[in-house]
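Report on the following structure.
In this text the structure is predicted, and so the values were computed from the model without any measurement.
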Amino acid sequence: MDIMIKALHSEGHSVDVVRTNQSWYIQDGFQHYKTITVPVVEAFNHDFIKPILEKIIAIERGESSFLSFASLQLEMFDAMFNMHRIITNMARSMLKDEDLMNRLKEHDYDLVFTDPAWGAGIILAHALKLPLVYNVRWITSGEGHLAIAPSPLSYIPLTGSGLSDKMSFIQRFQNLLFYFIWQAQDAFLINPQYQAVCDEVFGPQVRYRHLLQGADLWLMRADFVFEFPRPTMPNVIYVGGFQCKPAKPLPEDLEEFVQSSGEHGVIIMSLGTFVSELPADMTSKIAAAFAKVPQKVIWRHKGNKPANLGNNTLLVDWMPQNDLLGHPQIKLFVAHGGTNGLQEAIYHGVPVVGLPVFFDQYDNLLRLKERGAAKILTLATVDKDENFLLTLKEVLSDPSYRMNMQRLSRLHRDTPMKPMDSALFWIDFVMRHKGAAHLRTESYKMPWYSYHSFDVILFLSGVLLVLLLPVFMLIRCLCTAVSKNKVKRD
């Protein structure tokens, strides 16, 4: 969101960011936005992922029982429930603060711009009666397309299923089960919390799901170089890779390290913001594998330094990832599979070895694997039989991985308008026209049986039955009469 806000500010727009007083990232004192602070008494623990990650790794390595797996699922459901509970409490505080709401209404804003993974911005847009624009891949109930576009489960894989768009019968059955899990999570854990806020503030006639689906514009953080082909809608604008940009020069010490790699080049490794530290025995195996390759390695790593770290490996707390990926010496990206990192790898044409941990990471990496640009390792196999080392060598030595990723890079860049420029145009479009109702379908207001025409099918079946019943009765009567005449003759 910050990257988009900077771009909007550079175009002359004034942006106010609504945050809580316990926000993780949104700080005061920046020129490209002003903050509006909502006081809350509770915030989500930034370290919530650590116990979940420990259980995931234990399960992946076969160190836990089925009960542990069930416990993990319950813990993840509980974490999701609590995240949305905290967000809905923020929404209540905001909407019931009359002074704040009056100030927001007096400001005469043009639109609300929000990420619908959390629902407070959606509800605020309705309260202020403003057009609503999303920076979206996820909504409160799952992947964004599922809420707005036709999504046949026969070839559209659900997040978490680990499936591609080419499914066998068993895989389609599995995909359907994942769909029901996502629907149940939304129906029982998430939607009721936001609906309760709507009931309190607007009344029960306002349905939260309708507010979510009724956004004017969906700036989707994906494109069809990365995403599997699927149906979409006219108010979905694809801006995948909008954050990508040409590489800037590296800091002097980092540039010197990269240049020292010579003809072999450099591997970079990062597992994202939340997964900064793996178990010591696993990091030891990774360090040993890195020590055996001729490339230099830059590894974003926190925690204790592995005792067997090779002389070719540099540990860093933070790295300029986009600038490194754009450097000609970078040969391979070892990544967890987050969308932003993979989009940057596509933009710069760097092949990937994936170590997915949770949520959408395996599914993201699978999209690259299907296109021949990545290899995937589970955490269970990283430290077994030199699996990690062999995978590194395969991707580094087989030119097809780099060729395929560079082909994706060319496809991604070959567009009439850059993703960020497209996003800015459409945000301005919504401002100019006070919304984009002509692009928005009203199908989400239809009941499910009307949407799928079950009522029409039932009516036609009834009409057909009424028309066929007399014919059937006539045939039956004729058969009976013929049968009686035959008996009399006999």
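Within the structure, the salt bridge (charged side-chain N to carboxylate O under 4.0 Å, His left out) test picks out the following pairs touching residues 26-42 (sequence neighbours left out): R19-D28, E42-R85. Sorted by first then second residue, the salt bridge (charged side-chain N to carboxylate O under 4.0 Å, His left out) pairs that include residues 348-360, not counting sequence neighbours, are R137-D360. Annotation: side chain to side chain donor-acceptor pair (under 3.5 Å) contacts involving residues 306-321, sequence neighbours excluded, comprise S284-N308, Q321-E344. Residue pairs meeting the salt bridge (charged side-chain N to carboxylate O under 4.0 Å, His left out) criterion with at least one partner in residues 154-167, sequence neighbours excluded, are K166-E370. Sorted by first and then second residue, the salt bridge (charged side-chain N to carboxylate O under 4.0 Å, His left out) pairs with a member in residues 396-415 form an empty list; sequence neighbours excluded.
With sequence neighbours left out, Y109 forms a ring-ring contact (aromatic ring centres under 6.0 Å, His included) with H107. Residues satisfying the side-chain hydrogen bond (donor to acceptor under 3.5 Å, both in side chains) test with Y134, not counting sequence neighbours, are none. Residues passing the ring-ring contact (aromatic ring centres under 6.0 Å, His included) test with H145 are Y238, sequence neighbours excluded. For K369, there are no salt bridge (charged side-chain N to carboxylate O under 4.0 Å, His left out) partners at least two apart in sequence or on another chain. Taking the ring-ring contact (aromatic ring centres under 6.0 Å, His included) definition, one finds that Y208 meets it with Y194, sequence neighbours left out. Under the ring-ring contact (aromatic ring centres under 6.0 Å, His included) criterion, F359 pairs with W138, sequence neighbours left out.
No more than 12 heavy atoms of other residues, nucleotides or ligands sit less than 6.0 Å from atom NZ of K285. Within 6.0 Å of CE on M403 lie no more than 12 heavy atoms contributed by other residues, nucleotides or ligands. In F188, the CZ atom is not crowded: 12 or fewer heavy atoms of neighbouring residues, nucleotides or ligands sit closer than 6.0 Å.
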| message | Show, in sequence, the C-alpha distance, side-chain angles and deciding distance for K6 and D2, and conclude whether the salt bridge (Lys or Arg N to Asp or Glu O under 4.0 Å) test is met. | response | CA-CA 6 Å; K6 285 178 180 175; D2 190 51; 3.7 Å; yes
| request: For the pair V334 and I267, evaluate side-chain contact (heavy atoms from CB on, under 4.5 Å) and give the outcome as yes or no after the intermediate values. | output: CA-CA 7 Å; V334 180; I267 299 169; 3.9 Å; yes
| task | Walk me through it: do M90 and V18 pass the test side-chain contact (heavy atoms from CB on, under 4.5 Å)? | result | CA-CA 11 Å; M90 176 216 176; V18 180; 4.0 Å; yes
| said: Between I148 and Q213, is the side-chain contact (heavy atoms from CB on, under 4.5 Å) condition met? List the steps. | reply: CA-CA 6 Å; I148 190 174; Q213 293 172 304; 6.0 Å; no
| Derivation and outcome, side-chain contact (heavy atoms from CB on, under 4.5 Å), residues E143 and W182 | CA-CA 10 Å; E143 205 274 338; W182 277 105; over 6 Å; no
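Shown here for A125 and L132, the closest heavy-atom pair between the two residues is CB-CD1, 3.7 Å. Summarising the geometry of T140 relative to I190, their closest heavy-atom pair is O-CD1, 3.1 Å, with the distance given to 0.1 Å. Across every non-hydrogen atom of A287 and P306, the tightest pair is CB-CB, 3.8 Å. Of all the heavy atoms in A335 and L271, the pair that sits closest is C-CD2, 4.0 Å.
Atom CZ of R367 and atom OG of S164 lie 9.0 Å apart (nearest 0.5 Å).
For the pair D363 (side chain) and G160 (backbone), a donor-acceptor distance under 3.5 Å is present. No donor-acceptor distance shorter than 3.5 angstrom exists from the side chain of T20 to the backbone of V38, with no hydrogens or angles considered. Not one N or O on the side chain of S161 forms a donor-acceptor pair closer than 3.5 Å with the backbone of P157.
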Which side-chain N or O atoms in residues 290-298 pair as donor and acceptor under 3.5 Å with protein atoms at least two apart or in another chain?
from: K292; atom 1: NZ; to: E386; atom 2: OE2; distance (Å): 2.7
from: Q295; atom 1: NE2; to: H264; atom 2: O; distance (Å): 3.4
from: K296; atom 1: NZ; to: S260; atom 2: OG; distance (Å): 2.7

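With a 4.5 Å cut-off on side-chain heavy atoms, P320 and L250 count as touching. For the pair Q174/L158, no side-chain contact is recorded, criterion being any heavy-atom separation below 4.5 Å from C-beta on.
A donor atom on one side chain and an acceptor atom on the other are found under 3.5 Å apart for Q329 and S261. Looking only at atom types and distance, the side chain of R172 has no donor-acceptor partner in the side chain of N175 under 3.5 Å away. Side-chain atoms of R209 and N191 include no donor-acceptor pair closer than 3.5 Å. A donor-acceptor contact under 3.5 angstrom links the side chains of S151 and R230, judged on distance only.
Annotation: F429 is in aromatic contact with W426 [ring centroid separation under 6.0 Å].
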